[in-house]
Amino acid sequence: VQLQAFGGGLVQAGGSLRLSCKASGDDYKIYATAWFRQISGKEREFVGYIRTSGGRKTYADSVKGRFTISRDSAKSLVYLQMNSLAPEDTAVYYCAADNLLEYMIPRYKYWGQGTLVTVSS
């Protein structure tokens, strides 16, 4: 499975941005897809995940109510819609996937490259 995250950029505080994660290869094996973010020098932080079957979602408290994860199975895409962005949301965002379980820690088997989100005040 290969993952590619894209859609990052510069946005003003209060604005919105949508990230996309494109899966290829044996993506039919994916059990769950997650988003993490990382600020330089800090640990990778869980943002949320979506289970492939059934669509169950879980979010970190820091983004609950502002961020939404969705998926387009036909296009093998998972989205992270980010609203009401704040400067503290500035980070490199990564998508990740696993064949077996969903996690709130960065132990997923497959990772995409990061995409930078910068929120200006």
Side-chain angles (χ1 to χ4, degrees):
V1 175
Q2 295 81 45
L3 302 175
Q4 182 182 10
F6 54 95
L10 174 64
V11 62
Q12 288 188 331
S16 298
L17 202 61
R18 188 178 78 166
L19 305 183
S20 301
C21 178
K22 173 71 174 178
S24 59
D26 294 333
D27 61 295
Y28 65 91
K29 296 180 179 179
I30 293 175
Y31 180 83
T33 304
W35 288 95
F36 286 79
R37 63 187 183 184
Q38 188 169 27
I39 300 171
S40 180
K42 294 191 175 182
E43 293 185 353
R44 203 160 286 190
E45 176 191 15
F46 171 75
V47 174
Y49 68 69
I50 182 169
R51 189 184 292 176
T52 300
S53 178
R56 175 182 174 180
K57 306 172 193 179
T58 296
Y59 299 96
D61 288 342
S62 59
V63 306
K64 202 172 294 183
R66 300 188 299 124
F67 291 11
T68 303
I69 297 175
S70 61
R71 67 190 308 271
D72 184 334
S73 299
K75 298 180 179 179
S76 298
L77 284 166
V78 172
Y79 303 105
L80 178 65
Q81 178 66 44
M82 305 184 293
N83 299 327
S84 301
L85 283 162
E88 51 266 35
D89 295 315
T90 294
V92 177
Y93 284 72
Y94 298 88
C95 62
D98 201 89
N99 296 341
L100 298 177
L101 294 170
E102 66 267 4
Y103 309 97
M104 296 176 68
I105 56 176
R107 63 177 297 178
Y108 286 77
K109 183 175 182 178
Y110 307 107
W111 289 85
Q113 87 293 354
T115 184
L116 177 62
V117 173
T118 302
V119 184
S120 62
S121 56

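Every heavy atom of this structure was used, including side-chain atoms; hydrogens, water molecules and symmetry mates were not.
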Examine [X] and [Y] and state if one hydrophobic cluster contains both, with Ile, Leu, Val, Met, Phe, Trp and Tyr joined whenever side-chain heavy atoms are less than 4.5 Å apart.
| X | Y | result |
| --- | --- | --- |
| Leu17 | Val63 | yes |
| Val47 | Val119 | yes |
| Val117 | Leu10 | no |
| Met82 | Ile39 | no |
| Val11 | Val92 | no |

State whether the side chain of [X] and the backbone N or O of [Y] hold a donor-acceptor pair below 3.5 Å, judged by distance alone.
| X | Y | answer |
| --- | --- | --- |
| Lys57 | Ile69 | yes |
| Tyr31 | Glu102 | no |
| Thr52 | Ile30 | yes |
| Asp27 | Ser24 | no |
| Lys22 | Lys75 | yes |

- Message: Going by side-chain hydrogen bond (donor to acceptor under 3.5 Å, both in side chains), Tyr49 matches just one of Thr58, Asp98, Thr33. Which one?
- Response: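 Filter result, single survivor: Thr58.
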- CD/Gln4 to CD/Gln113 distance, rounded to the nearest 0.5 angstrom?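 One finds 5.5 Å between CD of Gln4 and CD of Gln113.
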- Task: Tell me, with the steps shown, if Arg44 and Trp111 meet side-chain contact (heavy atoms from CB on, under 4.5 Å).
- Result: CA-CA 12 Å; Arg44 203 160 286 190; Trp111 289 85; 3.3 Å; yes
- Message: Determine whether Arg18 and Ser16 satisfy the following criterion, side chain to side chain donor-acceptor pair (under 3.5 Å), listing intermediate values before the conclusion.
- Response: CA-CA 7 Å; Arg18 188 178 78 166; Ser16 298; over 6 Å; no
- In terms of side-chain heavy atoms, does Arg51 have a donor or acceptor partner in Ser53 at a distance below 3.5 Å?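 Short answer, no.
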- Task: Indicate yes or no: at least one non-hydrogen side-chain atom of Thr68 is less than 4.5 angstrom from one of Tyr59.
- Result: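 Yes - at least one pair of side-chain heavy atoms lies under 4.5 Å apart.
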